[in-house]
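No hydrogens, no waters, no symmetry mates; every other heavy atom, side chains included, goes into these values.
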Amino acid sequence: MTINKSSLRGRLLLAFLFIFLLPSVGLARTSRVLVLPWKVNAAENLEFLKSAMLDMLTTRIGAAEVEVISPEALKEAMPALKSGDVTDSTAASAGRRLKADFVLYGSLTVIGGSVSLDAKLLNVTSGAITPFYSKGDGVDSVIGLVGRLSAEAAAAAGGTVKVPPIAPAKAEEKKAAQEPVAPKGEEFIIKPKEEPGRWKSGLMEGMYLAFTAGDLNKDGVKELFLITKKSLTIAVIKPEGLEVVKKIDSGPGVDFVAITSIDSDNDGSPEVYISGVRDYRPYTSLLEYGVDGYRITRTGIRWLVKAVQTDSGSVLIGQGFTYEDGFSGGLRVLRKEGDGLADKGSFTVTLPFMVDIYRFDTFGLTDKESELVALDDREYIRIYRKGEGGGWEKSWKSREFYGGTLDYIDLGGERYAAVEGGFFHADTDGDGRFELIIKRNVPGGLGRFARKPGSYDSAEVLSLSWDRGEEGLKVNWKTREVKGYIADFLIDDMNKDGAKEILLLVVEGTESLTGGQKSYVLMDKLSVK
């Protein structure tokens, strides 16, 4: 049997969300349950189900008023434990080590169209084992099997939970879900209505990661500079679509990961910096325009870079990267000198722990001094303020998730570093107060329950500001959702007519496991006053 993994991931997400969002009732917490890594036996590659099973069981059993030991605690206590190593003996050992009352473990087997779930619940104190077995028809039945196992295991451990049947989607609902979210003719910015002027490029083969804009040739119109892992494309926006001016390969062994533009030496001509990695070390390139056109004038720059806006203007900053630590070291102020970059010392901002160059902005979102805004590793907005000792202290965390990226630096095995797309502050409505402009990608497949989302279904860009009364973020405006994944976005005056545009770099087909992704640029006038 050939399994459509993309379709499966989507159906699993919908079904799991249905289960997860239902109210649960139960008794007071009386037991601690440890869920061990799940084993998946299948002819096809269904490895993603391992983490999905662990996440679903942990979440659902925890909702039944039973205390579930976090997977992170298990990983810290027994880092070498793999799903194939789990036996009755190792389960008992893990339970004792983590002071669990019960340990749940087992396997999922997929043979042809048949799916079976074998599980055991071990009573750590008595050594008694309660077996569970269930069988389903087709991989789509996994959610129902997991739901029943969660309820039965939770009840045996002293909790209780109801798992109602999952109704299949109606044909008309499936059809509606496949329709574009923002059909042609509707306004792009929801609040308020703007003048017509939307522009969309043709489809480009492959997944584009990021883009920037700049008038390097000083013709009065800004060009677009777009990157994939292996190439840089320079293009001009024309009424009929994007006109490619030049395409440049990344070079042997180099993966591009980010791009930014700035006139760092204040000579009146901006430069474009393409951050790249080779052999797990920064390998950034400098693009300029001269008598012979667009040309890479320097490669091998040892920083991953980004242009940021400060009170004194735009500044180019850089951060190191190593195989051992990922993003490493403090932020440095960089300035173009000749054909290279000079290190001008430490940037004024020292990043909090676990925040990197692509995950922060610094400005007075809540009108407080010494404030930093960041996306954490689970894509929640965090606000940091300076503590009495001068270090950063977490002061607020959003309830909703934002950001979302498919731009990764692969470090081998299960190790990777995520490169988050841009977010920044701006005053788009002219009221004198900064807003946080940020994208939000909604994951496909197993959604946010997957540790590393592999696809995204829909996306939007939002303007957020601080609501003093609610002590939280409010939405000032947002774009209509687009179908697919927003890799990057810009707000810029592309033709220097005094009116700014919002540009989205959108990728379709991210759910495909065999390639086939296509990208395009969507542009509209930004009129939100």
Next on the checklist: Using 0.5 Å steps for rounding, measure from the CG atom of D488 to the CG atom of D407.
Outcome noted: 9.0 Å
Item to check | Euclidean distance, L372 CG relative to E393 CD, rounded to 0.5 Å | outcome: 13.5 Å
Checklist entry - For F424, what residues pass the ring-ring contact (aromatic ring centres under 6.0 Å, His included) criterion, not counting sequence neighbours? => result F489
Checklist entry - Rounded to the nearest 0.5 Å, how far apart are OG1 of T405 and OH of Y456? => result 6.5 Å
Next on the checklist: For D219, I'd like to know if atom CG has over 12 heavy atoms of other residues, nucleotides or ligands within 6.0 Å.
Outcome noted: yes
Next on the checklist: A quick test of your reading: do over 12 heavy atoms of other residues, nucleotides or ligands sit less than 6.0 Å from NZ of K496?
Outcome noted: yes
Checklist entry - Would you call K483 and D457 a side-chain contact if the rule is heavy atoms closer than 4.5 Å? => result no
Checklist entry - Should E460 and R440 count as an ion pair when the cut-off is N to O under 4.0 Å? => result yes
Item to check | Heavy-atom side-chain contact between Y294 and N217 under 4.5 Å | outcome: yes
Item to check | Greater than 12 external heavy atoms within 6.0 Å of D311's CG | outcome: no
Checklist entry - Can you check whether M207 reaches T510 side chain to side chain, under 4.5 Å on heavy atoms? => result yes
Item to check | Within 45° cone and under 6.0 Å: K439 NZ/CZ vs F423 ring | outcome: no
Checklist entry - Between R281 and E324, is the closest basic N to carboxylate O distance under 4.0 Å? => result yes
Next on the checklist: I'd like to know if K344 pairs up with E337 as an ion pair, taking the criterion as any Lys NZ or Arg NE/NH1/NH2 lying under 4.0 Å from an Asp or Glu carboxylate oxygen.
Outcome noted: yes
Next on the checklist: Determine whether the aromatic ring centres of residues Y380 and F401 are separated by less than 6.0 angstrom.
Outcome noted: no
Item to check | Positive for side-chain contact (heavy atoms from CB on, under 4.5 Å) with L505, one of L490, L226, I486 | outcome: L226
Next on the checklist: Any carboxylate oxygen within less than 4.0 angstrom of a Lys/Arg side-chain nitrogen, looking at R295 and D292?
Outcome noted: yes
Checklist outcome for this item: Nearest heavy-atom approach of I317 to I357 is O-CD1, 3.7 Å
Next on the checklist: Between the side chains of K222 and D493, is the shortest nitrogen-to-carboxylate-oxygen separation below 4.0 Å, so that they form an ion pair?
Outcome noted: no
Checklist outcome for this item: Smallest heavy-atom separation, V277 atom then I409 atom, equals CG2-CD1, 3.8 Å
Next on the checklist: With a 6.0 Å cut-off (strictly less than), is the heavy-atom count around CZ of R415, excluding the residue itself, greater than 12?
Outcome noted: yes
Checklist entry - Are there more than 12 heavy atoms of other residues, nucleotides or ligands under 6.0 Å from atom CD of E414? => result no
Checklist entry - Does K452 count as lying over the ring of Y416, i.e. NZ or CZ under 6.0 Å from the six-ring centre, within 45 degrees of the axis? => result yes
Checklist entry - Rounded to the nearest 0.5 Å, what separation is found between the OH atom of Y273 and the CH2 atom of W303? => result 14.0 Å
Next on the checklist: Between S328 (side chain only) and D325 (backbone N and O only), is there a donor and an acceptor less than 3.5 Å apart?
Outcome noted: no
Next on the checklist: Is it the case that the side chain of S264 and the backbone of L316 share a donor-acceptor pair, with hydrogens and angles ignored and the cut-off at 3.5 Å?
Outcome noted: no
Item to check | R332 and D343 ion-paired at < 4.0 Å | outcome: yes
Checklist entry - Is the closest side-chain heavy-atom distance between R302 and T284 below 4.5 Å? => result no
Checklist entry - Any Lys/Arg nitrogen of K518 or E205 sitting under 4.0 Å from an Asp/Glu carboxylate oxygen of the other? => result yes
Checklist outcome for this item: In short, L503 meets E501 closest at the heavy-atom pair CD1-O, 3.9 Å
Residues 249-259 side chain polar contacts: donor-acceptor under 3.5 Å, at least two apart:
unit_1 : atom_1 : unit_2 : atom_2 : d
S250   : OG     : V254   : O      : 2.8
D255   : OD1    : K230   : NZ     : 2.8

Item to check | Pair D492 + K500, salt bridge at N-O below 4.0 Å | outcome: no
Checklist entry - F360 ring centre to K306 NZ or CZ under 6.0 Å, with the angle to the axis within 45°? => result yes
Item to check | Heavy-atom pair with the smallest gap, counting every atom of D263 and G268 | outcome: OD2-N, 2.8 Å
Item to check | Polar side-chain atom of S285 near backbone of I274 as donor-acceptor pair, under 3.5 Å | outcome: no
Checklist entry - Side chains of T350 and W392: do they bring a donor and an acceptor to under 3.5 Å? => result no
Checklist entry - For the residue pair L304 and G276, what are the closest heavy atoms and their distance? => result CD2-O, 3.5 Å
Checklist entry - Within the side chain of Q309, is there an N or O that forms a donor-acceptor pair under 3.5 Å with the backbone of H425? => result no
Next on the checklist: What I want to find out is whether K525 reaches D497 closely enough, with some N-O distance under 4.0 Å, to be called a salt bridge.
Outcome noted: yes
Checklist entry - Going by an N to O cut-off under 4.0 Å, is there a salt bridge joining E271 and K336? => result no
Item to check | Residue pair K218 / S269: nearest heavy atoms and the distance that separates them | outcome: CE-OG, 2.7 Å
